[in-house]
Amino acid sequence: MATRIIHLPKYSRLSCLVKPLTISARTFATATASTNPPQFTTLSVDDRTGIATLTLNRPPANALNALFMGEIQRSITDLEKENCRGLILTSSSQRIFSAGLDLKECYKADVASLEGLWCALQNLWRTLFSTPLITVALINGHAIAGGCMLAVSSEYRIMLPNFKIGVNETMVGLAVPSWLMDTYINIMPSRRIAEWDLTSSRIYSSESALKAGLVDELASSKEEALQKSAAFIDSFSKRTLMARAITKQQFRAEILRNFEQNRQHDLDIYLSTMQKPSMQEFLGEYLQSLDAKK
Ligand SMILES: CC/C=C\C/C=C\C/C=C\C=C\CC(=O)SCCNC(=O)CCNC(=O)[C@H](O)C(C)(C)COP(=O)(O)OP(=O)(O)OC[C@H]1O[C@@H](n2cnc3c(N)ncnc32)[C@H](O)[C@@H]1OP(=O)(O)O
């Protein structure tokens with residue numbers, strides 16, 4: 001798929017105006033350094049409005065592997081440099097926004113691949129959560145685990161009806177990473193409900209997610225959701241963009257600092273968990289159960 005970036009001279013460059021957060025000295029493994037053309041995403045920018053739409057397109061489930069996550073991350077950093085104002089994140093599938101981490105790539109994988117996968121997930125989260133762009137997740141399908149992470153890292157969530165959304169890690173004996181926990185708490189109206197949801201692997205329907213405050217609006221079609229997404233981005237005037245971005249950054253700074261301090265620990269936990277024979281055995285059964293639905 002071709003990437004189309006249109007230069008938008010009308011808007012000031014937020015990435016230059018917002019002071020970057022300190023990044024720890026250590027360089028973490030990443031699959032994002034590639035300069036290959038995008039395979040799993042399409043990016044379009046409306047030069048009239050300054051709004052970009054990044055469409056996830058890795059059938060069948062938009063499962064997040066290292067290459068895919070690197071592409072999403074790169075698109076966001078490119079948009080920051082291209083004088084873009086807002087970003088809508090959506091899916092080309094009519095059924096699945098994202099099923100989270102690519103579990104097929106977690107199964108019987110070597111340590112280097114597992115490390116690449118987890119670092120790509122960390123890097124993608126960090127970039128999306130900290131971007132000065134105005135971010136909207138247009139959730140036009142199921143959003144599970146890492147898929148829900150993409151949604152809650154964005155600033156605003158608009159969901160289509162009759163889908164599922166939530167973080168299901170504890171269901172299989174995995175602790176939710178602290179950065180995802182903090183991100184979830186950041187958007188939920190009540191910390192108590194957030195704790196309850198994440199400890200019980202609660203998966204919401206679109207309708208109950210709206211009631212709980214996990215999503216902000218429902219839309220009956222993708223077209224309506226696109227209009228609502230644009231309206232959210234437009235609700236911030238051009239004049240306030242920089243102040244808005246700095247304020248957003250201040251709100252999120254502590255979560256980002258905690259993440260940087262715990263990044264290696266978080267990776268170590270993931271690697272040791274994934275290499276346990278009992279986890280691999282479970283994962284094999286879980287993948288079979290997904291196939292058995294057919
Ligand atoms: C519960 C977690 C289990 C193990 C975790 C182990 C280690 C991870 C460590 C840390 C955690 C990181 C965060 C994560 O993101 S973990 C990912 C957790 N995701 C899920 O559990 C989602 C599983 N999928 C589903 O529940 C459903 O597929 C669905 C609700 C998203 C969609 O349901 P549908 O009925 O519409 O579609 P399906 O027929 O089930 O799926 C279509 C197609 O997609 C494949 N697929 C689905 N999910 C994944 C995935 N996460 N990775 C890779 N592939 C996936 C599925 O097998 C089907 O493929 P085929 O058509 O058979 O080829």
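In listed order, ligands and their atoms are each counted from 1.
Residue contacts with ligand 1: L101 is placed with a nitrogen or oxygen under 3.5 Å of a nitrogen or oxygen of the ligand (distance criterion only). The shortest N/O to N/O separation between W118 and ligand 1 does not fall below 3.5 Å. Checked against a 3.5 angstrom limit, the closest N/O atoms of D291 and ligand 1 fall inside it. Some N or O of N168 is nearer than 3.5 Å to an N or O of ligand 1, by distance alone.
By the rule that hydrophobic residues join a cluster once side-chain heavy atoms approach within less than 4.5 Å of another member, M181 and L128 end up as members of one cluster. There is a path of hydrophobic side-chain contacts, each under 4.5 Å, that joins M188 to M159. Both V215 and Y156 belong to a common hydrophobic cluster when Ile, Leu, Val, Met, Phe, Trp and Tyr are linked at side-chain heavy-atom distances under 4.5 angstrom. Under the 4.5 Å side-chain contact rule for hydrophobic residues, I144 and L101 do not share a cluster. Grouping the Ile, Leu, Val, Met, Phe, Trp and Tyr side chains by contacts below 4.5 angstrom, directly or via other members, places M279 with L117.
Neither the backbone nor the side chain of Y107 has a heavy atom within less than 4.0 Å of ligand 1. Heavy atoms of I96 found under 4.0 angstrom from ligand 1 belong exclusively to the side chain. Counting heavy atoms closer than 4.0 Å to ligand 1, residue L103 contributes atoms from both its backbone and its side chain. By the criterion of a heavy-atom distance under 4.0 Å, the side chain of M274, and not its backbone, is placed next to ligand 1. Heavy atoms of M149 found under 4.0 angstrom from ligand 1: none, in either backbone or side chain. No part of L121 comes within 4.0 Å of ligand 1, judged by heavy-atom distances. At a heavy-atom distance under 4.0 Å, only side-chain atoms of I144, from C-beta outward, approach ligand 1.
The nearest heavy-atom contact from the protein to atom 21 (O) of ligand 1 is Y286 OH, 2.5 Å. Protein heavy atom at the shortest distance from atom 60 (P) of ligand 1 is K294 NZ, 3.3 Å. Looking only at heavy atoms of the protein, atom 49 (C) of ligand 1 is closest to A99 CB, 3.8 Å. At the top of the distance list for atom 29 (C) of ligand 1, counting protein heavy atoms only, stands H142 CD2, 4.3 Å. For atom 53 (C) of ligand 1, the closest heavy atom belonging to the protein is D102 OD1, 3.4 Å. Atom 26 (O) of ligand 1 has its closest protein heavy atom at L290 CD2, 4.3 Å. Looking from atom 27 (C) of ligand 1 to the surrounding protein, the closest heavy atom is K293 NZ, 4.0 Å. In terms of protein heavy-atom proximity, atom 54 (N) of ligand 1 is closest to K104 CE, 3.7 Å.
The heavy atom nearest to atom 12 (C) of ligand 1, considering only M279, Q280, E169, is found in E169. Which of T273, L287, L283 comes nearest to atom 4 (C) of ligand 1 through a heavy atom is settled by distance: it is L283.
Side-chain contact check for E217 versus E224: every heavy-atom pair is 4.5 Å or farther apart.
Ring geometry, F236 versus F232: the interplanar angle exceeds 60°, so the pair is classed perpendicular (tilted spans 30 to 60°).
The pair R85-D234 meets the salt-bridge criterion, with a side-chain N (NZ, NE, NH1 or NH2) lying under 4.0 Å from an Asp/Glu carboxylate O.
Which parts of ligand 1 touch L174 is read off a 4.0 Å heavy-atom cut-off, strictly below it: atoms 5 (C), 6 (C), 7 (C), 8 (C), 9 (C), 10 (C). The distance from ligand 1 to the heavy atoms of G146 drops below 4.0 Å at these ligand atoms: 14 (C), 15 (O). Close approach of ligand 1 to A61 (heavy-atom distance below 4.0 Å) involves ligand atoms 44 (O), 46 (N), 47 (C). Numbered from 1 in the order shown, with element, the atoms of ligand 1 that lie under 4.0 Å from a heavy atom of G100 read 15 (O). Near P60, the atoms of ligand 1 lying under 4.0 angstrom from a non-hydrogen atom of the residue are 43 (C), 44 (O), 59 (O).
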- Query: Between N262 and W179, does a side chain to side chain donor-acceptor pair (under 3.5 Å) hold up when you go through it step by step?
  - Reply: CA-CA 9 Å; N262 289 308; W179 47 268; over 6 Å; no
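Panel note: side chain T127, backbone N123; a donor-acceptor pair is recorded below 3.5 Å.
Between the side chains of S113 and E105, no donor-acceptor pair of N or O atoms lies under 3.5 Å. No side-chain donor from either of T199 and T170 sits under 3.5 Å from a side-chain acceptor of the other.
Counted within 6.0 Å of CD on E285, heavy atoms from surrounding residues, nucleotides or ligands total more than 12; the atom is thus considered enclosed.
Listed here is the closest heavy atom pair of R157 and A151: NH1-O, 2.8 Å.
Rounding to the nearest 0.5 Å places CG of N65 at 5.5 Å from CG of D102.
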